[in-house]
Amino acid sequence: MSRTSIFLKNSASTALMNAVTMVAGFIVPRIIMTTYGSEINGLISSISQFIAYFNLLEAGIAGAVTWALYKPLAERNIPLINGILVATKNFYNRAGYIFVALTLGLAPLYPALVAVESLNTVEVALLVAILGVSGALEFFTLAKYRALLTADQKTYVISLASTIAIILNTLIIASLAYFAINIVIIRGVALLAVFLRTALLYGYVRQHYRYLDYSVAPAAEQLHKHWDAMYLQILGVVQNGGPIVLATLFTNLKLVSVYAVYNLILSGLNSLLGIFISGLAASFGDLIARGERETLKKAYNEFELSYYLLITVAYAVAFITIMPFVQIYTQNVHDIDYNMPLLGFLMVLNGLLYNIKTPQGMLVISAGWYRETRNQSTLQAGILLLGGMLLGAKFGLYGIVWGSILSNLYRDIDLAIFIPRRLLQISPRTTFLRLGLLLVILLTIYVPCQYLEVEIGNLFSWCLYAGAVLCYATAIALGYAYFWQRETLSLIITRLLRLRK
C-alpha cells in the first residue's frame, strides 16, 4: 500500500474520530453546565488537568518507542520488535503503579485545597479517583499497543476503537444526567467506555500481530531517547495544561469553566485540523529512517504550505464566529457571564500561534530530535509559567492567556529557523515568507467582516453564517496562494487529484 493510500485511510478514520470527539465535547459540557452548573463543569476540567499531569509518568515512552520501532518495522525485524515491546511493557508497568499511588494521594488532597460548594469532600475525592482510573488502565494494558500501531502507520485502528468508546461515554452521561443522577455515579458508570476500548484494541493486536512474544529479553537500549522524549513531553503538557491549572490557582472554578468553554471550541478546531496530519509523523519518520532526503524535502514543502493555508482559513473563521457561538452555546447558563469578546479573540490568537509550529514540530518527533530541541522547549514552558503567573495574578484569565501567547510566539520563531536549517538543510526564508502571507490573508478575510451586522439567534443560523465565511475565506486564501506560491500549489493539487483517483 502506498504512503498516500495509508495517509488517506488514517485521515478518514481520524476525521470520523475527531468529528465524534468534537460533537461529544460540545454535548457533554453543555449537559453538565445546564444540569449541574458551571462550578461542576469547572471542577471536572480542573481535576482532569491535574490527572493529566500524572500521565507525565509515561512521558517520552510513547515517543521513544514509536521512533525506535520505525526501522525494525520497515525491515520486519521481529526479534527486535518483540524486545522493544517487552522493554516498553516494563516501563509502563512501573509507571502505572506510581500513577495509581499519585491518584490516591490527590483524592483526599484536592478537596482540601480547592473550595467546592456543589459537592462534599467525599464526593470530590471519589470523583478524583474515578477520573484517574482510565489513566491507570492505559498504563497497564494498551499503551504499548498504541505505540506499535502508531509506528506501523495503523492509527485508523486506534481511531475507530476510540470513536466507539466516545459514543458510548456520551450516551451514558446524557442518559443518566437526564434523570439528574449524582455526577460521581455518572462518571463511574462512564468508565465502561474505557474498558470497551481496551477490549477492542487488545483483540485487534492479538489477531494481527501473532508474532508478538513477551517472553524475550527486553531491548531497553533501543529506548535510549526515552528521557529526552520524556522531558519534551513534560514541557508539552505544561504548555497545554498550564492555563487551566493557573486559572484554578488564581481565579475560581466558575472562571475555570469559562476558560474551559472557550478552550473547548479551540480543541474542537484542533481536532478538525488533526484529521489532516494523522499518521504524517510516522510517514515522515519512515522517510527519515530510510534516508530518502530529497523525498522528505519535497513532501515537507508541500505539507507546510498546505497546512498554513488550512490554519489560515480555519482560524479566520474562528476569529469571526467564536463569540456568536459562545452566546448560543451558553444560553440558559446564568451563574456566570460567558460573553467575553477579548478573551475569545486572545484564545483564537493563541490557538493560531500554537498551530503555526506544527509542521516543524512534527519533524522533531519524526526524527527523534528530542535532545536537540530541549533547551528551546524549556524556555517556552518557562515563558508560559512565569508570564502566566505574573500576568494572571494581575489580569486573571486574560493575563494567563497572554502568557501562553508569548510562549507560543517564541517557539514559532525558534522552530521556523531551527528545523529548516538543521534537519532539512534548507533556508528558513520560505517558511517566513509563508508566515507573512498567512498574516496578509488573515487580515484580508477578517477586517471586512467586522463591518457586517448579522443576526445570529440559533445554531442553524450560526452554521449558515460560518459556512458562508468559510467559503469566502477559502476563496481568498487560494487566490493569494495562486499568485504567490503557484508552483507548490500546483504540486499540492496534483497530489490531491491522485488521492481522488
Side-chain angles (χ1 to χ4, degrees), residues 19-52 106-107 110-111 114-135 162 165-194 241 243-245 247-248 251-271 322 325-340 343-344 347 397 459:
V20 172
T21 301
M22 183 175 63
V23 172
F26 285 116
I27 291 174
V28 171
R30 169 73 182 174
I31 290 172
I32 292 173
M33 285 190 298
T34 54
T35 306
Y36 303 99
S38 294
E39 186 184 53
I40 294 297
N41 185 52
L43 175 65
I44 292 173
S45 298
S46 176
I47 293 174
S48 298
Q49 192 53 60
F50 276 94
I51 295 294
L106 179 66
Y110 187 92
V114 181
V116 183
E117 297 178 2
S118 306
L119 299 176
N120 61 44
T121 300
V122 174
E123 288 174 322
V124 175
L126 284 173
L127 192 58
V128 172
I130 289 169
L131 291 175
V133 169
S134 61
S162 298
I166 292 165
I167 292 172
L168 178 60
N169 179 76
T170 305
L171 290 174
I172 290 172
I173 293 174
S175 301
L176 296 182
Y178 179 79
F179 297 101
I181 302 296
N182 185 284
I183 188 65
V184 178
I185 297 175
I186 290 177
R187 300 303 301 202
V189 176
L191 288 175
L192 290 173
V194 180
I244 281 188
V245 173
T248 302
T251 61
N252 56 62
L253 289 177
K254 289 185 178 181
L255 283 173
V256 171
S257 179
V258 172
Y259 178 89
V261 166
Y262 283 91
N263 193 52
L264 180 66
I265 298 167
L266 275 301
S267 297
L269 185 54
N270 284 334
S271 294
I322 186 170
F325 181 86
V326 169
Q327 290 165 10
I328 294 169
Y329 185 74
T330 58
Q331 281 179 346
N332 303 322
V333 181
H334 305 298
D335 51 1
I336 191 169
D337 186 9
Y338 285 82
N339 186 27
M340 299 182 178
L343 181 65
M347 291 286 288
L397 286 181
L459 187 59

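Heavy-atom basis, side chains included; hydrogens, waters and symmetry copies ignored.
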Give the minimum heavy-atom separation between [X] and [Y], together with the two atoms involved.
{"X": "Leu255", "Y": "Asn252", "result": "N-OD1, 2.9 Å"}
{"X": "Ala260", "Y": "Ser45", "result": "CB-OG, 3.5 Å"}
{"X": "Ala193", "Y": "Ala165", "result": "CB-O, 3.2 Å"}
{"X": "Tyr338", "Y": "Ser257", "result": "OH-OG, 2.8 Å"}
{"X": "Ser46", "Y": "Ile244", "result": "CA-CG2, 4.1 Å"}
{"X": "Met22", "Y": "Gly268", "result": "SD-O, 3.5 Å"}

Does a side-chain heavy-atom distance below 4.5 Å link [X] with [Y]?
{"X": "Ile183", "Y": "Ile185", "value": "no"}
{"X": "Phe325", "Y": "Ile265", "value": "yes"}
{"X": "Leu266", "Y": "Ile322", "value": "yes"}
{"X": "Tyr36", "Y": "Ile186", "value": "yes"}
{"X": "Ile44", "Y": "Leu127", "value": "yes"}

Side-chain donor/acceptor of [X] to backbone N/O of [Y], under 3.5 Å:
{"X": "Asn41", "Y": "Met33", "value": "no"}
{"X": "Gln327", "Y": "Asn339", "value": "no"}
{"X": "Tyr110", "Y": "Phe50", "value": "no"}
{"X": "Glu39", "Y": "Val116", "value": "no"}
{"X": "Arg30", "Y": "Tyr329", "value": "yes"}

From [atom1] ([X]) to [atom2] ([Y]), nearest 0.5 Å:
{"X": "Thr35", "Y": "Ile181", "atom1": "OG1", "atom2": "CD1", "answer": "11.5 Å"}
{"X": "Ile167", "Y": "Ile172", "atom1": "CD1", "atom2": "CD1", "answer": "12.0 Å"}
{"X": "Leu264", "Y": "Met347", "atom1": "CG", "atom2": "CE", "answer": "10.0 Å"}
{"X": "Asn263", "Y": "Asn270", "atom1": "CG", "atom2": "CG", "answer": "8.5 Å"}
{"X": "Leu43", "Y": "Leu131", "atom1": "CG", "atom2": "CG", "answer": "8.5 Å"}
{"X": "Thr34", "Y": "Gln331", "atom1": "OG1", "atom2": "CD", "answer": "12.0 Å"}

Show your working on side-chain contact (heavy atoms from CB on, under 4.5 Å) between Leu343 and Val258 and close with a plain yes or no. CA-CA 10 Å; Leu343 181 65; Val258 172; 4.0 Å; yes
Using the rule given for side-chain contact (heavy atoms from CB on, under 4.5 Å), can you reason through Val23 versus Ile166, listing the C-alpha separation, both sets of side-chain angles and the distance that settles it, and then say yes or no? CA-CA 10 Å; Val23 172; Ile166 292 165; over 6 Å; no
